[in-house]
Colleague: 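The structure that follows is given in the form of structure tokens.
Each chain gets a letter, A, B and so on, in the order the sequences are listed, and its residues count up from 1. Just so it is clear, the structure is predicted and the values come from calculations on it, not from any experiment.
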There are 2 protein chains.
Amino acid sequence: MARIVMKFGGTSVADLDRIRNVARHVKREVDAGHEVAVVVSAMAGKTNELVNWVQQMPKVAGASASFYDAREYDAIVASGEQVTSGLLAIALQSMGVDARSWQGWQIPVKTDNAHAAARIVDIDGSELIRRFEIGQVAVVAGFQGVGPDNRLATLGRGGSDTSAVAIAAAVKADRCDIYTDVDGVYTTDPRIEPKARRMKKIAFEEMLEMASLGAKVLQVRSVELAMVHKVRTFVRSSFEDPDAPGMGDLLNPPGTLICDEEEIVEQEVVTGIAYAKDEAQISLRRLADRPGVSAAIFGPLADAHINVDMIVQNISEDGSRTDMTFTVPSSDAEKALAVLAGQKELVGYDVVQSESGLAKVSVIGIGMRSHAGVAASAFKALAEKSINIKAITTSEIKISILIDGAYAELAVRTLHSVYGLDKT
Amino acid sequence: MARIVMKFGGTSVADLDRIRNVARHVKREVDAGHEVAVVVSAMAGKTNELVNWVQQMPKVAGASASFYDAREYDAIVASGEQVTSGLLAIALQSMGVDARSWQGWQIPVKTDNAHAAARIVDIDGSELIRRFEIGQVAVVAGFQGVGPDNRLATLGRGGSDTSAVAIAAAVKADRCDIYTDVDGVYTTDPRIEPKARRMKKIAFEEMLEMASLGAKVLQVRSVELAMVHKVRTFVRSSFEDPDAPGMGDLLNPPGTLICDEEEIVEQEVVTGIAYAKDEAQISLRRLADRPGVSAAIFGPLADAHINVDMIVQNISEDGSRTDMTFTVPSSDAEKALAVLAGQKELVGYDVVQSESGLAKVSVIGIGMRSHAGVAASAFKALAEKSINIKAITTSEIKISILIDGAYAELAVRTLHSVYGLDKT
């Protein structure tokens with residue numbers, strides 16, 4: 001017997017038929033004798049509908065954008081998961097499975113006060129555990145909790161993954177199964193490289209890089225949380241027949257296990273290739289090379305909620321002037337340039353150059369730590385395809401390369417092949 | 001300065017434009033210096049959509065109807081008002097009105113455990129009053145509260161009227177304004193009698209009879225509650241221009257005031273004519289006339305959730321056998337006959353006769369208490385139109401007459417005229 005948290009996203013609960021199908025997945029685990037909590041998202045499209053209503057509300061006189069109180073946004077948007085959790089509980093009961101729905105405030109899932117982008121502060125798992133002991137399935141509305149102001153707080157888009165992992169940690173679950181519309185984590189995006197393979201296992205750190213660098217299978221925060229609390233997390237498909245052979249396998253269900261690297265016996269050097277398109281590069285030329293310059297650049301950008309990604313600073317030739325390059329999402333480029341224009345005097349740069357339509361391709365693998373030459377192989381392979389590298393950043397377990405966006409797919413396929421990821 | 005509770009039903013908040021219009025009604029009262037709480041229903045159609053989802057859930061093996069756990073039904077259905085309350089709070093804020101939404105469990109509105117048809121047990125008005133004192137409008141999700149099990153509980157269809165009156169009582173409001181899609185309470189249904197007039201005032205007891213007997217302006221329970229707590233309740237239209245002259249009149253806003261009879265100086269003898277179609281009459285002939293017979297009939301009918309209305313029993317000719325006649329909604333007639341068939345031996349009746357397609361027309365007025373001849377006038381007028389009376393029941397302030405359904409409209413118009421209700 002194991003304790004399992006199962007999470008189903010919006011496409012998995014998009015209509016009543018799919019909710020009934022989800023109930024069959026849950027029943028399978030219950031029938032196998034496991035203790036089960038389920039975390040659900042809103043029915044696909046529901047959250048968008050609710051958000052859209054909020055955004056259509058009138059503008060405050062003089063304001064350029066729609067106004068809304070994030071606390072009201074939360075009360076409105078959290079209703080979507082509330083509905084799904086109730087419907088799934090009913091579907092389970094009708095199959096003879098004892099179940100009840102739980103809203104975030106009932107458990108409670110306590111969050112901070114950052115409405116619309118709240119973080120989970122604490123989950124009291126004791127009542128859920130008591131329900132496990134009487135054989136009852138807890139169906140939890142994901143994406144939400146209750147703030148210190150006793151008002152509903154949502155975790156930001158995709159937050160149901162985070163809810164699931166946090167609940168798994170709180171009840172000390174043996175496993176957290178994230179059911180989604182894909183059947184696992186792939187070595188790269190199969191739409192770009194048909195030879196991409198589904199991984200059996202991937203280490204938390206690798207998955208974190210994959211998620212951060214563009215793989216949209218899981219929300220980044222959920223992976224961070226799983227890593228911190230060592231929650232073994234499976235990514236698997238909700239669209240397979242719930243009763244197909246192997247679906248109820250406790251140790252090796254179909255899908256990809258995200259786990260501690262120690263659990264991965266034969267670690268590949270490189271495990272995956274991620275990419276992000278629509279990046280823009282901004283370069284500040286001939287900056288004053290003195291303490292505080294970086295803060296004067298990136299502080300105001302952060303204040304403007306611009307997400308700066310790669311940052312490259314070269315050593316200056318003469319010790320007095322240097323160049324600084326960084327990337328932002330293309331959609332933020334114009335705003336970033338405006339912020340920088342306002343800082344010109346303080347920063348003391350000479351000229352600003354910018355370029356949009358770039359792509360960032362990343363090679364990820366824990367094995368890099370102990371293997372030399374991984375970066376060199378990438379540079380060589382890209383050079384052979386005449387792909388020009390605009391910037392490079394590296395960490396212990398990944399290499400990110402900025403290139404012209406037109407070459408993104410070619411670069412992904414090239415790197416996927418170079419590291420042998422297309423071989424079984 | 002007054003303290004006002006304003007309630008807006010589903011058609012009044014059916015879309016974003018109407019919600020903005022509701023906000024203008026609220027702003028008008030706030031600008032006039034009043035303390036305001038608003039109670040809202042779900043957007044028109046939303047509750048039906050949610051209920052429909054619940055009803056489409058799978059049947060339990062062997063069950064004839066869809067199964068659902070009323071607690072889950074409540075969690076699902078209550079989400080509709082949650083959304084409206086948040087949207088209205090945002091609309092108010094955007095107009096510069098300080099406002100926040102309140103869900104039933106936050107206030108809290110405490111109910112009993114009768115999920116899906118809960119009754120309000122207690123409302124703690126202290127926090128709402130504290131918000132009045134800082135000039136904040138409370139936007140309350142109607143139709144719901146929280147049960148002793150700490151789960152959402154809904155009050156049954158139309159329950160937002162009851163929420164509004166209960167909150168008005170809890171905060172000791174000067175007035176409870178029920179905004180709806182009609183502009184007041186009429187002497188009878190204007191679709192049947194175009195000469196029907198809007199009443200300026202109607203006594204609680206009369207409104208209770210009107211609501212019970214078919215006038216659908218207000219939920220019966222809300223009127224009971226208003227009567228018990230002496231909440232002065234206005235029925236008025238949400239579709240009029242919020243800033244039209246007189247709309248903000250504190251003492252005489254457009255609409256109908258439901259109030260204590262003592263507040264009505266010139267009480268009419270008859271104030272309104274109500275009707276209900278699709279009634280069925282069931283007669284049991286030659287019953288044993290002994291104690292316990294009524295209980296043997298109506299107990300099982302109540303157990304089968306059949307709503308018995310008029311009951312007429314004649315004195316028996318010889319003291320041993322009697323006839324009993326009662327009415328039920330036509331839709332329940334077949335079920336009622338089946339229940340009676342099962343009781344034949346116990347009740348000891350001879351034959352059962354039944355007739356569907358009847359109508360009940362009722363004459364209502366507190367003045368009847370002190371005026372003789374009211375019933376006689378009705379019988380005479382109906383006889384002149386050759387309308388046959390099938391059964392009669394009376395109370396202190398109403399006379400109900402059962403007739404063939406084909407004559408319902410004619411009877412309503414005839415009685416409306418007999419009591420001079422078409423004269424200003």
Colleague: With a strict 4.5 Å heavy-atom criterion, list every residue of residues 100-133 of chain A that contacts chain B, or say none.
Modeller: A:Arg100, A:Ser101, A:Gln103, A:Trp105, A:Gln106
Colleague: Please output the residues of residues 70-87 of chain A in contact with chain B, using a heavy-atom cutoff of under 4.5 Å, in numerical order.
Modeller: A:Glu72, A:Tyr73, A:Ala75, A:Ile76, A:Ala78, A:Ser79, A:Gln82, A:Val83, A:Gly86, A:Leu87
Colleague: Between CG of A:Leu92 and CE of B:Met57, what distance do you get to the nearest 0.5 Å?
Modeller: 9.5 Å
Colleague: Is atom NZ of B:Lys172 surrounded by more than 12 heavy atoms (other residues, nucleotides or ligands) closer than 6.0 Å?
Modeller: no
Colleague: Can you tell me how far CD of B:Gln56 sits from CD1 of A:Ile90, rounded to the nearest 0.5 angstrom?
Modeller: 12.0 Å
Colleague: Considering only heavy atoms, give the residues of residues 12-39 of chain A separated from chain B by less than 4.5 Å, sorted numerically, with 'none' for an empty result.
Modeller: A:Leu16, A:Ile19, A:Arg20
Colleague: What residues of residues 146-153 of chain B make heavy-atom contacts with chain A at a cutoff under 4.5 angstrom?
Modeller: B:Val146, B:Asn150, B:Arg151, B:Leu152
